Protein chains: 2
Amino acid sequence: MTARKSGQNGAHKAAIRQENEAQILAAAELVFADYGFKGATTARIAEIAKVPKANVHYYFSTKEALYRRIMEDVCDHWLQAASTFDNSTNPAETLRGYIEAKMDLSRARPHGSRIWAHEIIRGAKFSSDYISTTVKSWLDSRVVVINRWIAEGKMDKVEPYSLMYMIFATTQHYADFSRQIEIFNNNNPLSDEQFTDAKENVVRIILKGVGLA
Amino acid sequence: MTARKSGQNGAHKAAIRQENEAQILAAAELVFADYGFKGATTARIAEIAKVPKANVHYYFSTKEALYRRIMEDVCDHWLQAASTFDNSTNPAETLRGYIEAKMDLSRARPHGSRIWAHEIIRGAKFSSDYISTTVKSWLDSRVVVINRWIAEGKMDKVEPYSLMYMIFATTQHYADFSRQIEIFNNNNPLSDEQFTDAKENVVRIILKGVGLA
DNA sequence: ATTTATCTTGACCGTTTGGTCAGGTTAAAA
DNA sequence: TTTTAACCTGACCAAACGGTCAAGATAAAT
């Protein structure tokens with residue numbers, strides 16, 4: 001294949017790089033989600049990505065570098081869902097939007113949620129900085145909003161952190177524990193209908209639970 | 001030390017066995033909780049248990065045998081907390097009792113909860129039988145109770161599974177994600193006071209959320 | 001056509017892994 | 001006291017681990 005056949009300026013090489021990196025990242029996300037950082041192996045990642053193991057190390061110098069890259073991706077998506085909390089005029093609408101966004105993220109990217117779970121369970125060795133700065137700032141500012149709603153008598157007086165933890169836990173449960181839910185559902189993954197129903201139930205219980213229904 | 005010095009009939013040997021097994025089990029619980037089955041190493045377990053690695057294999061033939069034993073323990077404790085759901089006359093009292101029992105279990109035995117989380121995240125390879133029989137039976141019978149409460153107009157019409165998943169997720173979050181909670185709490189573990197407060201908030205939000213307040 | 005830069009990979013290396021074992025110590029039984 | 005059964009452990013092993021590298025293949029630039 002000549003240079004002319006592809007786009008100009010080394011577009012083919014760039015495409016190869018992008019393709020391979022994407023393949024490796026997708027495989028790594030799967031393997032890290034199943035086994036966490038320590039339990040995952042580069043050989044297994046290579047196998048799933050369908051590239052020789054040496055090629056994994058050509059694109060990502062170390063297992064840790066690959067892991068950190070995956071964590072960045074996971075955090076980016078988390079922040080994206082978080083932004084739903086911005087429109088803070090109507091408490092019920094805002095909370096509903098946030099819960100629904102987090103539920104949808106659990107459905108769309110369960111592996112990311114599982115990687116995060118591994119990371120925290122193990123003690124957040126790689127991400128404690130990110131949590132104590134970026135995530136904590138985000139959370140604290142939402143707590144302020146919730147406290148304002150409470151002060152304005154728009155909702156019940158609840159501990160905002162407890163509420164947020166409940167939302168974190170419940171929404172992520174549908175990703176992290178989907179295998180358990182599947183078994184309870186007679187060994188069938190939740191259908192789109194069942195998931196939508198679950199989402200509505202979660203929203204309703206929480207909104208009513210804090211006096212927003 | 002002679003046989004006479006200890007109780008009769010080989011009590012000393014039995015005591016040694018019990019002591020060592022307990023030490024190894026405690027260490028294994030810690031290590032499996034941090035790294036899951038695959039990521040945990042027998043060398044690390046031996047180190048924490050303060051016995052030579054060969055001794056770990058003297059008491060537990062393989063890493064998998066040790067892991068299964070730990071899983072049994074975890075399940076036993078889970079079933080113990082589950083029994084709180086038995087007194088099913090008063091919905092609010094029953095649910096409150098169950099939620100509080102699960103919260104207390106997360107506080108008292110966080111490692112067990114984390115091991116369970118690892119196990120499910122990975123796909124419940126060792127425990128799918130236990131879940132699809134024992135746990136599912138337990139859950140389905142509680143769902144019947146909740147549906148009866150709903151039919152009797154004692155609480156809102158909610159999807160019982162969604163409600164139970166919310167309780168699982170939220171209570172276990174205080175064990176599995178305690179490191180994250182700690183960071184949000186300015187790098188301090190929740191005090192007994194804060195935990196009691198969180199527990200009460202969780203109970204209040206859920207009970208009110210399903211129309212039991 | 002030749003050079004250069006990037007991509008590819010089988011073979012390899014030192015270390016760590018789960019697990020074994022021979023030979024020892026200790027306590028219970030005879 | 002002697003025998004027996006259980007406990008203990010340093011040393012070891014094959015396999016799997018993360019990572020390296022030299023040598024070749026491919027495509028872009030000259």
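Proteins come first, then strands; the chains are lettered A, B, ... in the order of their sequence lines, and each starts at number 1. Computed from a prediction, not measured in an experiment: that's the story for all the values here.
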Q.
If I take atom NZ in residue A:Lys38 and atom C1' in nucleotide C:dG18, what distance separates them, rounded to the nearest angstrom?
A. 12 Å
Q.
Between C1' on C:dT6 and CD on A:Gln18, what's the gap in Å once rounded to a whole number?
A. 16 Å
**Q.** Between C1' of D:dC8 and NZ of B:Lys53, the distance in whole Å
**A.** 15 Å
Q. Of all the choices, C:dT9, D:dC17, D:dT9, which nucleotide is nearest to the side chain of A:Thr41 once you look at every atom?
A. D:dC17
Q. In residues 56-71 of chain A, which ones come under 4.0 Å of DNA chain C, going by heavy atoms?
A. A:Tyr58, A:Tyr59
Q.
In this structure, is the centre-to-centre distance between the rings of B:Phe126 and B:Phe37 below 6.0 Å?
A. yes
Q: Describe the nucleic acid contact of A:Ala46 in one word from base, sugar-phosphate, nothing, applying a heavy-atom distance below 4.0 Å.
A: nothing
Q: Please tell me which of A:Phe37 and A:Ala54 maps to the more 5' nucleotide of DNA chain D, matching each residue to the nucleotide holding its nearest heavy atom.
A: A:Phe37
Q) Does OP1 or OP2 of C:dT6 have a side-chain N or O of A:Arg17 closer than 4.0 Å? A) no
Q. When the distance from CD of B:Glu19 to C1' of D:dA6 is rounded to whole Å, what number comes out?
A. 17 Å
Q. Between the side chains of B:Glu159 and B:Tyr165, is a donor N or O closer than 3.5 angstrom to an acceptor N or O?
A. no
Q) Between A:Asn201 and A:Asp197, is there a donor-acceptor pair closer than 3.5 Å when you use the side chain of the first and the backbone of the second? A) yes
Q: Starting from the 5' end of DNA chain C, give me the residue, B:Thr42 or B:Ile16, whose nearest nucleotide shows up first.
A: B:Thr42
Q: May I ask you to decide if the ring planes of A:Trp78 and A:Trp138 are parallel, tilted or perpendicular, using 30° and 60° as cut-offs?
A: perpendicular
Q: Please examine the side chains of B:His118 and B:Phe32, heavy atoms only from C-beta on, and report whether any two atoms are closer than 4.5 Å.
A: no
Q.
Using whole Å, what does the distance between atom P of nucleotide D:dC8 and atom CG of B:Asn55 come to?
A. 5 Å
Q. Rounded to whole angstrom units, what separation is found between the OH atom of A:Tyr35 and the C1' atom of C:dT17?
A. 16 Å
Q) In terms of side-chain heavy atoms, does B:Arg114 have a donor or acceptor partner in B:Ser178 at a distance below 3.5 Å? A) yes
Q. Rounded to the nearest Å, what distance is computed from the CZ atom of residue A:Arg44 to the P atom of nucleotide D:dC17?
A. 11 Å
Q: Consider only side-chain N and O atoms of A:Tyr161 and A:Asp140, and report whether a donor and an acceptor are under 3.5 Å apart.
A: yes
Q. Out of C:dG10, D:dC17, D:dT9, which has the shortest distance to the side chain of B:Pro52?
A. D:dT9
Q.
In this structure, how many angstroms lie between the C1' atom of C:dT6 and the CD atom of A:Glu21, rounded?
A. 13 Å
